[in-house]
A.B. asks: 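The structure is given below, and queries will be raised subsequently.
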2 protein chains.
Amino acid sequence: MPDTVKHVGTPAESQLSLLPLLTLDCIILGFHEDQLRVLLLRWKGTQEWSLPGGPVRKDESVDAAAHRILKERTGLDQIFLQQFHVFGDVKRYEREEIREKLKHVVDPEKWYERAVSIGYYALVDYSKVTPMPDAFTEECQWWDIQEIPPLLFDHNHMIDAALRALRMQLSWQPIGYNLLPDQFTMPELQRLYEMILGRTLDPRNFQRKILALGIVDRLEARRKGGAHKAPYLYQFNKARYEALLTEGNLSFS
Amino acid sequence: MPDTVKHVGTPAESQLSLLPLLTLDCIILGFHEDQLRVLLLRWKGTQEWSLPGGPVRKDESVDAAAHRILKERTGLDQIFLQQFHVFGDVKRYEREEIREKLKHVVDPEKWYERAVSIGYYALVDYSKVTPMPDAFTEECQWWDIQEIPPLLFDHNHMIDAALRALRMQLSWQPIGYNLLPDQFTMPELQRLYEMILGRTLDPRNFQRKILALGIVDRLEARRKGGAHKAPYLYQFNKARYEALLTEGNLSFS
DNA sequence: CCAAAAGTGTTAAAGCTACACCCATGT
DNA sequence: ACATGGGTGTAGCTTTAACACTTTTGG
């Protein structure tokens, strides 16, 4: 964790080693208290929020840059990361307005004229994340996906696009495997799918389907301590899950 | 057609107005004689082939650049184009070897140190395309997807990735609508799906499914002139097709 | 008349949808 | 004891997979 910050640097000191005009932004998704959440950053001295992101260095691949940024913001290595779109419009944002808002953080002279940004979404285990701001920001926090405020740049649009991509790729990506802790209950898994799909599912049909796929194993233990009947705990059966995903056979209808 | 060439320009004259280090490459797919085909370019004075592509200009969006390049190579406007991946490795190709091979076409001093390339696939009606080489190449030709030669850069890898993306998006994209001519037969449509999926389908089940979806209308006429029994002609029912696609309900199993 | 491709129907199995009640636990 | 959420079975319907023969046409 201590060595995450040294990568950041000020714009001045690292400018020379960056790929010009190419940045990336990450939609980091977690799941907590039955809600999908996104990690957002608040810029120093403002109430303005944005997605975590940054430039690509000359000596690293684009994917490596995404992993670096993820590591810096969450403390996690080995994150599930998926490129989903390139945002390449000429005027991706109202430059003047944003320059003005952030002038005490970023020297307005140093703004790129234009930047093409590669969008990634990341699926992380909420409970393992330690949110950390970067050099330009002073707060890094989870936001409920339903309650995202207006963000800087085109970042609201990026989040929408990421969720659409995630939905489309639901049957090809190890969604549950990455978003849930090692052990979880069937209702938790169901609500995760419901959040992503944006509709409710029948618990009997859901359980039958998941069990028939064989992607989870029921454990002996139940989750104790909550009010109400103690639910069974499950674990993903990784081998089985990956076998099905390579065939794209995890569709939900 | 005459005004497609004026966009090309030599590297020298247009260098200043380009986004540095950002290029794109297009996998242009057509369907002819029961085969999926890709449009490739042969570099001047060599036997080396590559995908059509090029840099992004400072005053155009990335998507606009892709449409421009498509128009230049095929003569077609309004092409179906889909971004599918960013190729961002530091060493995407063996620079030295390729510089050497192409030194009589591109001044080795002018090679970028590194370029990040955005991959697009395009689905076109083979019969409407007029292949046209660009400023660096002298031949533009369709190649059977099964018989692609070793290409420059990482372009063989790009084609593989495009086909994987196409397969994954089969139930969300208007594949047939863009790859087939206005009128087509059921066996043609079936073989298109077979080519993309890489396996054979049962003709009875295929026909039943397509007709049940209602995405095509059978015409009065049959295709005459071939040997053997004359097949019915069909047309896409565009409205119905798009309605199903927005729900992702065109899966093939 | 022969070879090659087009066109079609049936049956069994699997998967999907819809639906309602009892159980366990903490307060 | 009650409120809350967890857990399960069944019946009807739809969808899928597997399978083979007849028709048309040109050569």
Side-chain angles (χ1 to χ4, degrees), chain A residues 31-35 170-171 176 180 183-195 197-235 240 244 247-253, chain B residues 31-35 170-171 176 180 183-195 197-235 240 244 247-253:
Chain A
F31 187 64
H32 185 63
E33 289 176 352
D34 294 347
Q35 293 295 324
L170 199 49
S171 49
L180 290 173
Q183 300 190 355
F184 53 90
T185 69
M186 194 59 77
E188 281 166 359
L189 182 60
Q190 179 181 338
R191 286 189 292 261
L192 170 57
Y193 272 89
E194 289 178 337
M195 277 296 122
L197 292 169
R199 62 196 164 83
T200 58
L201 301 168
D202 181 286
R204 289 158 290 193
N205 296 338
F206 182 82
Q207 172 144 192
R208 187 182 310 115
K209 171 140 189 179
I210 293 287
L211 293 179
L213 288 168
I215 57 175
V216 297
D217 300 320
R218 182 182 283 191
L219 304 176
E220 297 291 312
R222 293 171 176 238
R223 167 159 304 159
K224 315 227 166 170
H228 324 306
K229 184 170 178 176
Y232 291 103
L233 285 167
Y234 293 83
Q235 245 176 1
R240 177 84 176 138
L244 286 176
E247 299 155 31
N249 281 339
L250 269 179
S251 65
F252 271 76
S253 45
Chain B
F31 187 65
H32 185 60
E33 290 177 352
D34 295 346
Q35 294 294 324
L170 200 48
S171 50
L180 291 172
Q183 299 189 357
F184 54 89
T185 68
M186 195 58 78
E188 282 167 357
L189 182 61
Q190 182 181 334
R191 285 188 293 262
L192 170 57
Y193 272 89
E194 289 178 337
M195 278 294 121
L197 292 170
R199 62 194 164 85
T200 59
L201 301 169
D202 180 286
R204 290 158 289 192
N205 294 339
F206 183 81
Q207 173 146 190
R208 186 181 311 113
K209 173 140 187 181
I210 294 288
L211 293 178
L213 289 168
I215 57 174
V216 299
D217 300 321
R218 183 183 280 191
L219 304 176
E220 296 291 311
R222 291 170 175 240
R223 167 160 304 159
K224 312 226 167 167
H228 323 306
K229 183 169 180 177
Y232 291 103
L233 285 168
Y234 294 82
Q235 247 176 359
R240 177 83 176 137
L244 286 177
E247 299 156 32
N249 281 337
L250 269 179
S251 66
F252 271 77
S253 44

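The structure presented is a predicted model; accordingly, all values stated were derived computationally and were not measured. Letters A, B, ... are given to chains in the order of the sequence lines, protein chains preceding strands, and every chain is numbered from 1.
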A.B. asks: How many whole angstroms separate atom CG of L189(B) from atom P of dG7(C)?
C.D. replies: 12 Å
A.B. asks: Which comes earlier along DNA chain C counting from the 5' end, the contact point of K224(A) or that of L211(B), where each point is its nearest nucleotide?
C.D. replies: L211(B)
A.B. asks: Hey, does the side chain of Q207(A) come within less than 4.0 Å of dG7(D)'s phosphate (OP1/OP2), counting only N and O?
C.D. replies: no
A.B. asks: I want to check one thing: is the phosphate of dC16(C), taken as OP1 and OP2, less than 4.0 Å away from some side-chain N or O of K209(A)?
C.D. replies: yes
A.B. asks: May I ask you to say what R218(B) touches in the nucleic acid, namely base, sugar-phosphate or nothing, with a heavy-atom cut-off under 4.0 Å?
C.D. replies: sugar-phosphate
A.B. asks: In whole angstrom, what separates R204(A)'s CZ from dG5(D)'s P?
C.D. replies: 17 Å
A.B. asks: Starting from C1' on dG7(C), measure out to CE on M186(B) and report it in whole angstrom.
C.D. replies: 10 Å
A.B. asks: Measure all distances between protein nitrogen or oxygen atoms and nitrogen or oxygen atoms of nucleotides 10-13 of chain D, and list the pairs falling under 3.5 Å.
C.D. replies:
residue : atom : partner : partner atom : Å
dT10(D) : O4   : R208(A) : NH2          : 2.8

A.B. asks: Find which nucleotide of DNA chain C each of D202(A) and A230(A) is nearest to by heavy atoms, and output the residue with the more 5' nucleotide.
C.D. replies: D202(A)
A.B. asks: What distance separates Y232(B) OH from E220(B) CD, expressed to the nearest 0.5 Å?
C.D. replies: 9.5 Å
A.B. asks: Would you classify R222(B) as touching base, sugar-phosphate or nothing, given that sugar-phosphate means primed atoms plus P, OP1 and OP2, and contacts are heavy atoms under 4.0 Å?
C.D. replies: nothing
A.B. asks: What about H228(B): does its side chain form a donor-acceptor pair under 3.5 Å with the base of dA5(C)?
C.D. replies: no
A.B. asks: Are the side chains of I210(B) and Q190(B) in touch, meaning some heavy atoms are under 4.5 Å apart?
C.D. replies: no
A.B. asks: Evaluate the side-chain proximity of R240(B) to D217(B): yes if any heavy-atom separation is below 4.5 Å, no if none is.
C.D. replies: no
A.B. asks: Send over the distance from Q190(B) CD to dA6(C) P, rounded to a whole Å.
C.D. replies: 9 Å
A.B. asks: Please say which of L189(A), L192(A), L233(A) ends up in a side-chain contact (heavy atoms from CB on, under 4.5 Å) with F184(A).
C.D. replies: L189(A)
